[in-house]
Amino acid sequence: MTIRLLLADDQDLIRGALSALLDLEEDFEVVASVGRGDEVADAAAAHRPDVALLDIEMPGLDGLAAAAVLAARVPGCRVVILTTFGRAGYLRRAMEAGAVGFVVKDAPPEALADAIRRVMAGQRVVDPVLAAATLAAGESPLTARERDVLNATRSGASVADIAARLFLSEGTVRNYLSAAIAKTGTRNRTEALRTADDRGWL
């Protein structure tokens, strides 16, 4: 049986190299390749792949959000997150989004091919080091709104700017930022953002 694959990565070189590598396998066929997360579901609906390999950091939608959309629109397509960022929080969020595999890009090629075949056989495939780190890290302490507010600070936006963008009062924004700073054990919103990013909570 030929396993039909969809690739999603915003770096053309990596996407092309991955496609060439996977096409060397007799039982694989790359049927679609996209560079944006918001193109994943449409491509899957058009080409009906068996497995979608999704990068996390992509324009339009990140790979985790794209996985959730794909699960709703093309539920027969199995999702494997393939990423440089082996962060514990990402793994938990990937599984919540419906992904059945999580492979880091520095894994050997044969490990990726094996992961695809195992996913097709109905198994879950997770990098063992990342799985252990995820269990040790526990769940994200941040609420959805606290994540939204922290994400909005990336560009150095003021409290007033964040409040306007998220349709909140300035006092509410300050409260969410204070809570996020306390939960991340940091001293300010810049440190809180960095810590939450490093742990894959955003």
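Numbers here are sequence positions counted from 1.
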With rounding to the nearest 0.5 angstrom, report the [atom1] to [atom2] distance, [X] to [Y].
| X | Y | atom1 | atom2 | answer |
| --- | --- | --- | --- | --- |
| Leu7 | Ser19 | CG | OG | 5.5 Å |
| Leu6 | Arg78 | CG | CZ | 14.5 Å |
| Met58 | Ile56 | CE | CD1 | 9.0 Å |
| Thr195 | Ile181 | OG1 | CD1 | 10.5 Å |
| Ile3 | Glu25 | CD1 | CD | 9.5 Å |
| Asp42 | Leu70 | CG | CG | 10.5 Å |

What heavy-atom pair brings [X] and [Y] nearest, and what distance separates the two atoms?
| X | Y | result |
| --- | --- | --- |
| Leu150 | Leu193 | O-CD1, 3.6 Å |
| Ala111 | Ala107 | CB-CB, 4.2 Å |
| Glu170 | Val159 | O-CG1, 3.7 Å |
| Ala94 | Ile81 | CB-CG1, 3.9 Å |
| Ala66 | Gly37 | CB-O, 3.6 Å |
| Ala8 | Val40 | CB-CG2, 3.7 Å |

Between [X] and [Y], does any side-chain N to carboxylate O distance fall below 4.0 Å?
| X | Y | result |
| --- | --- | --- |
| Asp197 | Arg194 | no |
| Arg15 | Asp12 | yes |
| Asp161 | Arg165 | no |

Intermediate values then yes/no, side-chain hydrogen bond (donor to acceptor under 3.5 Å, both in side chains), Arg189 and Thr153 = CA-CA 8 Å; Arg189 66 184 192 175; Thr153 69; 5.3 Å; no
Just do the side chain to side chain contact (heavy atoms under 4.5 Å, CB included) check on Lys105 and Asp9 with the steps written out, would you?
-> CA-CA 12 Å; Lys105 285 181 179 176; Asp9 193 299; 2.7 Å; yes
Shared hydrophobic cluster, Val34 / Leu64 (ILVMFWY, side-chain heavy atoms < 4.5 Å) | yes
Please check if atom CG in Leu24 has more than 12 non-hydrogen atoms from other residues, nucleotides or ligands closer than 6.0 Å.
->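 Above 12, so yes.
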Kindly check if the number of other-residue, nucleotide or ligand heavy atoms within 6.0 Å of CD (Glu26) is above 12?
->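 No.
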Could you go step by step and tell me if Val126 and Met95 meet the side chain to side chain contact (heavy atoms under 4.5 Å, CB included) rule?
-> CA-CA 10 Å; Val126 176; Met95 296 305 168; 3.2 Å; yes
[X] side chain to [Y] backbone, donor-acceptor under 3.5 Å:
| X | Y | result |
| --- | --- | --- |
| Glu146 | Leu142 | no |
| Arg36 | Pro59 | no |
| Asp50 | Arg4 | yes |
| Ser178 | Arg174 | yes |

Stepwise, does the side chain to side chain contact (heavy atoms under 4.5 Å, CB included) test hold for Leu22 with Ile116?
-> CA-CA 10 Å; Leu22 292 170; Ile116 292 169; 3.9 Å; yes
Show your reasoning for whether salt bridge (charged side-chain N to carboxylate O under 4.0 Å, His left out) applies to Arg145 and Asp148.
-> CA-CA 5 Å; Arg145 243 352 188 173; Asp148 290 343; 3.3 Å; yes
Test side chain to side chain contact (heavy atoms under 4.5 Å, CB included) applied to Thr143 and Lys183, step by step = CA-CA 10 Å; Thr143 66; Lys183 289 178 180 180; 3.9 Å; yes
